[in-house]
Each structure stands twice: as C-alpha cells, then as structure tokens.
Amino acid sequence: MTKLIWMSDTHFSADGDVLGHDPRVRLQAAIDHINDHHSDAQLCVITGDMVNRGSRTDYEGVQISLANLAIPYLPMVGNHDNRNLFRQVLPLPDTCMADFIQYKMATPDGLIVCVDTHKIGSDAGEVCPKRCAWLQQTLVDSGNTPVFLFMHHPPMPLGLPMQDTENMENGQDFIDLISGFECVKYLFIGHVHRPITGTLGSIPFSTMRSVLYQAPAPRPSWVWDTFKPSTEAPCIGLIQLDGSSMIMQYDQFCQYEVGGKI
C-alpha cells in the first residue's frame with residue numbers, strides 16, 4: 001500500500017496576510033500535523049498556487065518552510081505561480097518536462113502524474129498541445145499500470161458559478177484524451193478551495209480545501225467583487241493506494257482560528 005498526503009493552494013506569502021489569513025501560520029500547522037501523525041507517508045503532493053504573488057521572496061519562503069516536512073513533496077503550478085521562479089527555487093523530479101511543471105512519479109501502487117494547467121496571464125487554465133502529447137504518451141507507456149492524475153484547474157464545471165468561470169479552457173479536449181485510457185483511475189483537483197467529489201464519465205474525482213482559505217459555498221450566491229472567504233477550517237487529504245483501489249480521507253489539520261481571522 002502507498003500512502004500519500006495531498007495539500008492544495010498554500011498561497012504562501014513571505015509577509016502580511018492573504019484575505020485575512022496568515023499563510024505562514026497555516027502552512028506550518030499543516031507541516032506540524034503531517035510530521036506528527038503522517039510521517040509514514042511516501043509523498044506529499046501539493047496541487048498548485050504554491051505562492052500568492054509569484055515573487056522570488058515568496059518561493060524562497062515556501063521552500064524554507066517545506067524543508068521542515070518529514071516526507072518528500074511534489075510541488076505543482078497553479079494560476080498564481082510563475083513557472084520560471086518556481087523552477088529556479090523549488091525541487092522537481094528528473095521526469096519534469098523542460099518547458100512545463102509537468103512530470104510523473106512511480107509508486108509501488110501506480111503512477112502519479114502531475115499535470116501543468118497554468119495559462120500565463122490568466123486565472124483560468126489550459127493544457128496545450130505539447131502538454132497533451134506528453135500526457136498521451138505517458139498514458140500509452142503506462143500500459144495496465146494504474147494512473148492517478150493531479151492537477152490545479154478542473155477540466156469540467158463543478159456547479160460553482162464563480163469558480164467555474166476559471167476552469168481549464170480546453171477542458172473537453174483534456175477529458176476526451178484521458179477518457180480513452182482505462183489506466184486513469186482518479187483525478188485530484190485543486191483551485192476551487194472547496195471539497196467536492198463526483199465522476200467525470202467513468203473516472204472519479206475529488207477537489208480539496210485550501211491550506212490557507214476556503215471559498216464559500218455557492219448558496220447564498222456571491223460574486224468576486226464582494227468575495228470574502230468562509231470561516232471553514234482547512235483540510236489535507238490522506239490517500240491510500242492499493243493496486244487500482246484508492247481511499248481518501250479529508251483530514252482537518254487545525255482549527256479555523258489558527259492563522260485565520262473572524
């Protein structure tokens with residue numbers, strides 16, 4: 001069995017608050033919880049928005065914080081990230097593409113594939129033809145090995161009126177690509193700062209709460225101009241892989257008041 005930790009949307013900032021939340025306190029709370037209770041995990045996957053402003057200072061800060069994690073981590077790119085600075089500061093596997101933060105990592109119970117959905121200058125995402133070609137070849141090469149896809153942007157609407165405007169712009173192309181491969185067993189998606197599960201055709205998926213702040217539920221309705229994070233506590237995911245089977249638990253690692261403001 002392979003145990004993974006899933007974090008998402010750390011939005012780290014080296015100074016100040018982000019929407020009334022302290023990203024340094026929140027990330028440290030997550031790291032402490034993982035080190036105290038889940039140091040037996042093989043890897044921690046972080047599905048994008050590593051930093052909030054895309055500055056070198058923020059990347060250096062998050063790298064210093066994550067160096068305290070007792071297990072190796074796989075950082076991923078989101079819409080708040082800067083690929084060039086990301087690559088200069090954060091560690092990446094040897095399998096990473098030259099132009100994108102997209103790579104694979106083998107485990108005893110399947111292949112982890114981290115997809116780069118970042119689109120420069122946009123909060124929405126994309127997977128360009130070059131990334132799609134890499135992914136398609138990776139899925140072909142995997143054969144019967146179970147594949148677990150991690151990404152930042154959802155490729156489909158999730159019933160979230162505001163967040164659905166910032167999904168993967170060529171999501172249907174991505175869906176058509178992965179739907180042709182029985183080896184794809186699960187999608188793990190960040191970006192929306194809410195916990196949602198469902199199926200995409202025959203492929204199950206989950207989204208994750210942010211380590212830093214949570215988006216409010218879609219009802220009562222809200223708009224970006226008046227956006228205010230909800231007072232919900234953050235979570236990480238505890239993932240157990242066993243062959244083609246997957247079990248995930250949402251794990252609250254601290255109270256809302258730790259690094260949050262009411």
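Side-chain atoms are counted along with the backbone in the values below, which use heavy atoms only and exclude waters and symmetry mates. The shown structure was predicted, so the numbers you read here are calculated from the model rather than taken from an experiment.
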Are any non-hydrogen side-chain atoms of [X] and [Y] less than 4.5 angstrom apart?
{"X": "Ile46", "Y": "Met76", "result": "no"}
{"X": "Tyr250", "Y": "Arg209", "result": "no"}
{"X": "Leu66", "Y": "Leu27", "result": "yes"}
{"X": "Leu158", "Y": "Asp164", "result": "yes"}
{"X": "Phe181", "Y": "Val147", "result": "no"}
{"X": "Phe253", "Y": "Asp32", "result": "no"}
{"X": "Glu169", "Y": "Ser122", "result": "yes"}
{"X": "Trp224", "Y": "Thr165", "result": "yes"}

Within this structure, what is the [atom1]-[atom2] distance for the pair [X] and [Y], rounded to the nearest 0.5 Å?
{"X": "Lys104", "Y": "Cys114", "atom1": "NZ", "atom2": "SG", "result": "12.5 Å"}
{"X": "Trp222", "Y": "Lys228", "atom1": "CH2", "atom2": "NZ", "result": "14.0 Å"}
{"X": "Asn82", "Y": "Met50", "atom1": "CG", "atom2": "CE", "result": "13.5 Å"}
{"X": "Tyr256", "Y": "Gln214", "atom1": "OH", "atom2": "CD", "result": "9.5 Å"}
{"X": "Leu212", "Y": "Met7", "atom1": "CG", "atom2": "CE", "result": "12.5 Å"}
{"X": "Ile5", "Y": "Ile236", "atom1": "CD1", "atom2": "CD1", "result": "5.0 Å"}

Margin query: If you apply the rule side-chain contact (heavy atoms from CB on, under 4.5 Å), what do you find for Leu90 with Tyr73, and how did you get there?
Written below: CA-CA 10 Å; Leu90 295 177; Tyr73 66 94; 4.1 Å; yes

Margin query: For Asn144, I'd like to know if atom CG has over 12 heavy atoms of other residues, nucleotides or ligands within 6.0 Å.
Written below: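 No - once you tally the heavy atoms of other residues, nucleotides and ligands closer than 6.0 Å, there are 12 at most.
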
Is there a path of hydrophobic side-chain contacts, each under 4.5 Å between heavy atoms of I, L, V, M, F, W or Y residues, that connects [X] with [Y]?
{"X": "Phe174", "Y": "Ile112", "answer": "no"}
{"X": "Met208", "Y": "Met168", "answer": "no"}
{"X": "Leu160", "Y": "Leu187", "answer": "yes"}
{"X": "Val115", "Y": "Met97", "answer": "yes"}
{"X": "Ile196", "Y": "Leu149", "answer": "yes"}

Notebook entry, point to check: Please walk me through it: do Thr47 and Ile189 pass side-chain contact (heavy atoms from CB on, under 4.5 Å)?
Noted result: CA-CA 7 Å; Thr47 46; Ile189 301 168; over 6 Å; no

Using the ring-ring contact (aromatic ring centres under 6.0 Å, His included) criterion, which residues pair with [X]? Sequence neighbours excluded.
{"X": "Tyr186", "answer": "Phe188"}
{"X": "His191", "answer": "His152, His153"}
{"X": "His33", "answer": "His37, His38"}

Next item on the list: In sequence, state the C-alpha distance, the side-chain angles, and the governing distance for Asp9 and Tyr213, and then conclude on side chain to side chain donor-acceptor pair (under 3.5 Å).
Entry: CA-CA 9 Å; Asp9 295 85; Tyr213 66 87; over 6 Å; no

Side-chain donor or acceptor of [X] paired with backbone N/O of [Y] under 3.5 Å:
{"X": "Asn79", "Y": "Gly125", "result": "no"}
{"X": "Thr2", "Y": "Leu241", "result": "no"}
{"X": "Thr107", "Y": "Gly110", "result": "yes"}
{"X": "Asn35", "Y": "Leu69", "result": "no"}
{"X": "Asp49", "Y": "His80", "result": "yes"}
{"X": "Gln42", "Y": "Lys3", "result": "yes"}

Testing the basics here: between [X] and [Y], what is the closest heavy-atom pair and its distance to 0.1 Å?
{"X": "Phe227", "Y": "Pro216", "answer": "CE1-CD, 3.5 Å"}
{"X": "Lys185", "Y": "Glu182", "answer": "NZ-O, 3.0 Å"}
{"X": "Pro155", "Y": "Ile175", "answer": "O-CD1, 3.6 Å"}
{"X": "Pro218", "Y": "Pro161", "answer": "CB-CD, 3.7 Å"}
{"X": "Arg24", "Y": "Gly16", "answer": "NH1-O, 3.0 Å"}
{"X": "Asp109", "Y": "Phe148", "answer": "O-CE1, 3.6 Å"}

Notebook entry, point to check: Who are the side-chain hydrogen bond (donor to acceptor under 3.5 Å, both in side chains) partners of Gln172, not counting sequence neighbours?
Noted result: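 Applying side-chain hydrogen bond (donor to acceptor under 3.5 Å, both in side chains) to Gln172 gives Asp176.
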
Checklist line | Partner set under side-chain hydrogen bond (donor to acceptor under 3.5 Å, both in side chains) for Arg194, not counting sequence neighbours | finding: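 Checked Arg194 against side-chain hydrogen bond (donor to acceptor under 3.5 Å, both in side chains); matches are Glu232.
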
Next item on the list: Verify the distance criterion only: is there a donor paired with an acceptor across the side chains of Asp58 and Ser55 at less than 3.5 Å?
Entry: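 There is such a pair (donor and acceptor under 3.5 Å, judged by atom type) between the side chains of Asp58 and Ser55.
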
Give every donor-acceptor pair under 3.5 Å between a side-chain atom in residues 129-143 and any protein atom, sequence neighbours left out.
| from | atom 1 | to | atom 2 | distance (Å) |
| --- | --- | --- | --- | --- |
| Lys130 | NZ | Asp99 | OD2 | 2.4 |
| Arg131 | NH1 | Asp116 | O | 2.8 |
| Arg131 | NH1 | Asp116 | OD1 | 3.3 |
| Arg131 | NH1 | His118 | O | 3.1 |
| Arg131 | NH1 | Glu126 | O | 3.2 |
| Arg131 | NH2 | Glu126 | OE2 | 3.2 |
| Gln137 | NE2 | Asp141 | OD1 | 2.8 |
| Thr138 | OG1 | Trp134 | O | 2.9 |
| Ser142 | OG | Leu139 | O | 2.7 |

Next item on the list: Decide side-chain contact (heavy atoms from CB on, under 4.5 Å) for Asn167 and Met156; before the verdict, give the C-alpha distance in whole Å, the side-chain angles of both, and the deciding distance to 0.1 Å.
Entry: CA-CA 7 Å; Asn167 289 344; Met156 69 298 198; 6.0 Å; no

